[in-house]
Amino acid sequence: MNIHSKDLDRDLSREEAEAALALLRQWAADKTDEEVASLDPLVSRLVPGKEVSNYPALARAYPEDFAVDEDYKASMPDLQNGPSSLIRGAKRAIQHVGISNFRLPIGFHTRDNGDLTLETSVTGTVSLEAEKKGINMSRIMRTFYKHAEEVFSFEVIARALDAYKSDLESFDARIMMRMSFPMKVDSLRSGLAGYQYYDIALELIEADGVRKKIVHLDYVYSSTCPCSLELSEHARQYRGQLATPHSQRSVARVSVELDPTADVLWFEDLIDMCRAAVPTETQVMVKREDEQAFAELNAANPIFVEDAARLFAEQLQADARVADYRVIASHQESLHSHDAVSVLTEGATFDAESLDPRLFQSLFHVG
């Protein structure tokens, strides 16, 4: 039975508080930690010698049967969604905040082989207003998982983006999905075939109410130096000296913004464009006749890094499904201790005066 005294409604004096404190300490002095905690865990901090201790007698066994109800959830602290007074640093808007590289199996439509389920790395970010402390990061994952069972297309990504903006009360948002896309490739002469894997990313961006659909593809090829080829032939012709031109594994990162009014651009379509531009793609299944054919193919298509950027651009420029685009080519030299690189952009989407300092390092591909 609770007894309420009217005396408790009045202002208590310091002397009365000191007397109550002494009484409480006297009671707690000969009680166990468990008994003190059952009254109030904070009482232990009032006992001499335990002023800086943590709560006593904390449970050490995991509470299997504990269930969280709405009242308990409401009592839990949520600093990330706290008031603007908790902001540290400059009160500035943040263009992108979220999570990167959470992975899950996602289904994708393909042009040639039906649907494929691929391990996919997802990056999801939203904008954050200057007066907001932060976002609930796990909400991005929860929102995306609501769509994860669908076979993905840009339309599905758009629905996930709408949910991001609604759940996180944000103006701008971005989703990027990266995967390794398999495509069977025939050998040059032996009749064999094997799977080539392409690093592909889908990106949907909304900024200032405008949405853009972007596809990124890394295309790996061999580049034979035209200058080295001519010098090798010169040594053979004038001095009867065997010489070989230098070739190297090379990478082009082709990024295209899709025209929203055009037909679908399949992954395979973009790969085909790259092959048409630079046919010396690295090979999967190779016998002796294929190796000889590859040497002949390289000799028929010697290429500087400047040539590569323009040849890829020529294919992209001719396709009505492609709006803005960017080509980044890296020839990872076997002659030099450095790489030869080029960047070609079309349109405002990919135009940038500054580059990521490690951009070209990210183009390195291993078998």
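Side chains included, hydrogens not; waters and symmetry mates left out as well; all remaining heavy atoms used.
Residue Ala160 comes nearest to Thr143 through the heavy atom pair O-CG2, 4.1 Å, listed as atom of the first residue, atom of the second, then distance. Among all heavy-atom pairs drawn from Leu118 and Met179, the shortest one is CD1-CG, 3.6 Å.
Side-chain contact between Asn101 and Thr123 is absent, with no heavy atoms from C-beta onward closer than 4.5 Å. When side chains are defined from C-beta on, Ile205 counts as touching Glu203, because their heavy atoms get closer than 4.5 Å. Using a 4.5 Å cut-off on side-chain heavy atoms (C-beta onward), Leu128 and Ile135 make contact. Two residues are said to be in side-chain contact when any heavy atoms from C-beta on lie closer than 4.5 Å; Val327 and Leu316 meet this criterion. Side-chain atoms of Ser180 and Tyr198, non-hydrogen and from C-beta on, never get closer than 4.5 Å to each other.
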Practice item. Show your reasoning for whether side chain to side chain donor-acceptor pair (under 3.5 Å) applies to His96 and Arg174. Key: CA-CA 8 Å; His96 299 282; Arg174 176 191 305 253; 3.1 Å; yes

Check your understanding: For Lys213 and Glu155, what are the C-alpha separation, side-chain angles and deciding distance, and is it a salt bridge (charged side-chain N to carboxylate O under 4.0 Å, His left out)?
Key -> CA-CA 10 Å; Lys213 303 174 183 177; Glu155 288 68 29; 3.7 Å; yes

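Side-chain atoms of Thr261 and Asp259 include a donor-acceptor pair closer than 3.5 Å. With hydrogens and angles left out, the side-chain atoms of Asn298 and Thr280 include no donor and acceptor closer than 3.5 Å. With 3.5 Å as the limit, one finds no donor-acceptor pair spanning the side chains of Glu289 and Ser190. Side-chain contact of His331 with Asp339: a donor-acceptor pair under 3.5 Å is absent, judged by distance alone. Looking only at atom types and distance, the side chain of His246 has no donor-acceptor partner in the side chain of Ser228 under 3.5 Å away. Defined by atom type and a distance below 3.5 Å, a donor-acceptor pair is missing between the side-chain atoms of Arg236 and Ser232. In this structure, a donor-acceptor pair under 3.5 Å is absent between the side chains of His234 and Gln237.
The backbone N or O of Phe171 sits less than 3.5 Å from a side-chain atom of Lys165, completing a donor-acceptor pair. Of the possible polar contacts, one joining the Ser170 side chain to the Ser127 backbone as a donor-acceptor pair under 3.5 Å is found.
Between the CG atom in Leu229 and the CD1 atom in Ile303 there is a gap of 13.0 Å [rounded to 0.5 Å]. Of the inter-residue distances, the one linking Glu257 atom CD with Tyr325 atom OH reads 13.0 Å to the nearest 0.5 angstrom. Rounding to the nearest 0.5 Å places CG of Asp218 at 10.5 Å from CZ of Arg178.
For Arg211 and Asp172, the salt-bridge test fails: no basic side-chain N is under 4.0 Å from an acidic carboxylate O. Salt-bridge annotation for Arg14 and Glu18: present, with a side-chain N of the basic residue lying under 4.0 Å from a carboxylate O of the acidic one. Residues Arg253 and Asp199 are not paired through a salt bridge, judged by the lack of any N-O separation under 4.0 Å between the basic side chain and the carboxylate. Salt bridge annotation for Arg288-Glu291: absent, with no cationic side-chain nitrogen under 4.0 angstrom from a carboxylate oxygen. Remark: Glu268 does not engage Arg275 in a salt bridge, criterion side-chain N to carboxylate O under 4.0 Å. Taking 4.0 Å as the cut-off between side-chain N and carboxylate O, Arg321 and Asp263 do not count as a salt-bridged pair.
Classification of the His336-His338 ring pair by plane angle, with boundaries at 30° and 60°, yields parallel.
Within a 6.0 Å sphere centred on NZ of Lys287, heavy atoms belonging to other residues, nucleotides or ligands number 12 at most. No more than 12 heavy atoms of other residues, nucleotides or ligands shown are found within 6.0 angstrom of CZ on Arg103.
Under the 6.0 Å cut-off for aromatic ring centres, Phe152 and Phe144 qualify, their centroids lying closer than that.
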